[in-house]
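Ligands are counted one by one from 1 in listed order, and the atoms in each one are counted from 1 as well. Sequential numbering from 1 along the given sequence is applied to the chain's residues. Side chains included, hydrogens not; waters and symmetry mates left out as well; all remaining heavy atoms used.
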Amino acid sequence: MGERTIRVRVPGTSANCGPGFDSLGLACNIYNDLELTLLTEPGLQIEMLGEGAGLIPCDERNICWQAVKLLLDKAGVNEFHGARISMMNRVPLSRGLGSSATAIVAGLKAANVLIGNRYNRHELLQIANEIEGHPDNVAPAIYGGFTISTVTDGKVECFSLMPKLRLELVVAVPDFPLSTRKAREVLPDKITRQEAVFNIGRAAMLTAALVRGNERFLRTAFDDALHQPYRAKLIPGMYEVFQAAKEAGAVGANLSGAGPCLIAYVPERLCAAERVGEAMCEAFKKSGVQSEARIMSLDTRGAHILNH
Ligand code: HSE
């Protein structure tokens with residue numbers, strides 16, 4: 001019988017990185033794994049394990065399955081009528097760490113391998129962006145590292161780089177979810193020139209400082225005027241947590257994607273990640289938010305196959 005199985009691993013991601021709304025992102029060493037079997041007979045069996053199990057739809061609406069189906073349709077492959085999907089999720093769901101991007105990228109990557117790698121990573125990125133609507137999570141999920149993405153008439157260009165500076169990523173994960181849709185609804189349609197200038201300088205400074213490994217210039221580079229001020233009302237204590245992280249040794253902190261996770265960047269040489277995590281959770285607590293700290297580092301590999 002026509003049955004093919006593949007396992008892929010995809011990193012969680014943190015989008016925006018402060019000033020780079022919908023443009024900058026980075027991959028974290030926290031992973032969701034997918035085992036996909038394409039079947040020639042009809043039928044869909046979906047199993048979700050780990051983070052968010054029970055909350056993720058296990059039918060036709062499943063986003064990983066949607067991605068598989070879209071890729072097969074685009075490639076004109078019509079020999080498969082069913083699938084078995086099993087995902088082991090370690091990336092917290094609806095917290096701003098790119099869980100939906102992992103499902104999309106995992107589905108695309110796995111299906112692509114099973115049909116003989118018809119698409120390269122750049123082409124997979126176009127399809128992933130079509131599904132997600134913005135590239136800043138799917139790009140680092142595919143490429144790993146720190147990514148800069150632009151979209152022109154729907155076409156994504158992405159540059160992935162490995163910073164010259166070793167930073168630990170300290171993420172405070174609050175105990176409540178926040179949908180990206182809700183966190184986008186609070187954003188204004190228009191911004192002032194002053195706000196645009198604030199972010200342009202920082203996005204450029206951040207990228208240059210990471211490329212050159214210059215810690216000093218990172219200190220103001222993670223700030224933002226385009227989305228965080230509007231989202232602050234959805235995340236009690238957000239600015240206090242940023243402040244606490246910096247006082248404990250972080251060079252900067254920001255909202256991870258659309259939140260509610262907050263991420264701080266700590267130079268590895270300071271050995272201060274644990275202290276920063278505790279300070280962030282303590283500051284959250286003062287605003288009545290329970291959270292847990294996770295210490296991560298940059299994933300440099302992106303989505304990859306686990307076996308054949
Ligand atoms: N750039 C997106 C946002 C990331 O901030 O809304 C969330 O998926």
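- Asn199 places no side-chain N or O within donor-acceptor distance of the main-chain N or O of Asp224, the cut-off being under 3.5 Å.
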Could you pull out the N/O contacts under 3.5 angstrom between ligand 1 and the surrounding protein atoms?
from, atom 1, to, atom 2, distance (Å)
ligand 1, 1 (N), Asn16, OD1, 2.9
ligand 1, 1 (N), Asp22, OD1, 2.5
ligand 1, 1 (N), Asp136, OD2, 2.6
ligand 1, 5 (O), Asn16, ND2, 2.8
ligand 1, 5 (O), Arg231, NH1, 2.8
ligand 1, 5 (O), Arg231, NH2, 3.4
ligand 1, 6 (O), Arg184, NH1, 2.6
ligand 1, 6 (O), Arg231, NH2, 2.9
ligand 1, 8 (O), Asn137, OD1, 3.2

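- Using a cutoff of 4.0 Å between basic side-chain nitrogens and carboxylate oxygens, Lys155 and Asp153 are not scored as salt-bridged.
- Between Glu3 and Arg84 a salt bridge is recorded (basic side-chain N to carboxylate O distance below 4.0 Å).
- Under the side-chain contact (heavy atoms from CB on, under 4.5 Å) criterion, Glu132 pairs with Ser100, Ala101, Ile104, His134, Asn137, Val138, sequence neighbours left out.
- Listed by first then second residue, pairs satisfying side chain to side chain donor-acceptor pair (under 3.5 Å) with a partner in residues 67-77 read Lys74-Glu130, not counting sequence neighbours.
- Looking at residues two or more places apart in sequence or on another chain, you find no side-chain contact (heavy atoms from CB on, under 4.5 Å) involving Glu282.
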